[in-house]
Amino acid sequence: MKFFADTSDIDDIKKLNEAGMLDGVTTNPSIIAKSGRDFIPLIEEICDIVEGPVSAEVASTDYETMSKEGAKLAAIADNVAVKVPLTPAGLRVCKELSDKGTMVNVTLCFSPGQALLAAKAGAAFISPFVGRLDDICQDGLSLIADILRIYENYESFDTEVLVASVRNPIHIIESAKMGAHVVTCPPSVIHQLYSHPLTDKGLAAFVEDWKKTGQSIL
Ligand code: E4P
């Protein structure tokens with residue numbers, strides 16, 4: 001399973017990259033607004049750090065403007081994945097960019113039917129939002145299962161399921177059990193995966209016992 005960081009925080013991105021845990025980055029207009037940074041230079045900076053796909057989202061909703069924005073974002077770097085909303089205009093831009101070899105991440109997916117349309121439009125990634133479905137008392141993870149099941153039936157679909165709106169490690173583990181290709185989450189959720197009280201307790205005991213040997217490996 002590939003791990004994308006759902007952030008534009010440069011320090012967090014660098015740390016995860018150094019830890020060897022980063023396969024890509026996703027951003028959205030809310031994340032960019034929170035950063036307080038200028039969008040294009042920020043995406044350029046992230047693309048220089050990360051080898052994998054960096055999602056940069058269009059801001060407009062009409063086809064003509066979205067198409068121009070998509071072309072501009074795609075030109076930033078080879079590893080930009082242009083993010084478009086799951087609307088008729090967004091999927092038209094998706095098809096257009098995908099046909100030219102640009103990676104497209106179709107975002108704001110909340111149903112299997114929407115995911116089917118995105119695959120037909122040639123999306124590199126479909127982003128189903130599990131957390132936002134859970135927030136309204138619908139089962140976000142069952143959407144992941146449905147999309148994977150549909151995509152498996154068609155060899156011509158190359159679209160990867162990118163589990164988005166992740167709130168906790170359970171979203172990651174359950175998606176991995178189903179074989180979802182990618183998960184994007186806040187760095188804090190990736191860090192939660194490292195933690196287990198028995199690891200901490202066991203390590204403390206090993207450190208103490210090693211001291212008793214009076215030895216040094218180096
Ligand atoms: C990523 O591509 C999505 O924009 C993001 O995961 C949405 O997360 P949120 O529901 O926590 O805003």
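If you're wondering where the values come from, they're calculated on a predicted model, not measured in any experiment.
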Q | Whether Tyr194 and His191 hold their rings parallel, tilted or perpendicular, with breakpoints at 30° and 60° | A | parallel
Q: Kindly indicate whether the side chain of Asp9, heavy atoms from C-beta on, has any atom under 4.5 Å from the side chain of Pro187.
A: no
Q. With a 4.0 Å cut-off, would you call Asp99 and Lys95 a salt bridge?
A. yes
**Q.** Electrostatic pair Lys212-Asp209, nearest N-O below 4.0 angstrom
**A.** yes
Q) What are the two closest heavy atoms between Leu73 and Ala56, and how far apart are they? A) CD1-O, 3.6 Å
**Q.** Backbone N/O of Ile32 and side chain of Ser8: donor-acceptor pair under 3.5 Å
**A.** no
(Q) With heavy-atom distances below 4.5 Å as the criterion, would you say the side chains of Phe4 and Pro53 are in contact? (A) yes
**Q.** Donor + acceptor pair across side chains of Glu57, Thr107 (<3.5 Å)
**A.** no
Q. Distance-only, no hydrogens or angles: does the Asn168 side chain make a donor-acceptor pair with backbone N or O of Ile170 under 3.5 Å?
A. yes
Q.
If I compare all heavy atoms of Gly52 with all of Asn79, which pair ends up nearest, and what's the gap?
A. O-ND2, 3.0 Å
**Q.** Side chains of Val161 and Tyr151 in contact at under 4.5 Å (non-hydrogen atoms)
**A.** yes
Q.
For Ile126 versus Ala118, what's the shortest heavy-atom pair and its separation?
A. CD1-CB, 3.5 Å
Q | Passing option when Ile49 is tested against Leu16, Asn17, Leu22, Val54 for side chain to side chain contact (heavy atoms under 4.5 Å, CB included) | A | Asn17
Q: Search all heavy atoms of Ile147 against all heavy atoms of Cys109 and return the closest pair with its distance.
A: CD1-SG, 4.2 Å
Q) Knowing that exactly one of Thr26, Asn105, Thr27 qualifies, which makes a side chain to side chain donor-acceptor pair (under 3.5 Å) with Thr184? A) Thr26
Q. Is Glu152 salt-bridged to Arg149, going by a charged N under 4.0 Å from an acidic O?
A. no
Q. Does the side chain of Thr159 reach to within under 4.5 Å of the side chain of His181, using non-hydrogen atoms?
A. no
**Q.** Sidechain N-carboxylate O distance under 4.0 Å for Glu208, Lys211
**A.** yes
Q: Would you mind reporting whether Cys47 and Val80 have side-chain heavy atoms less than 4.5 Å apart?
A: yes
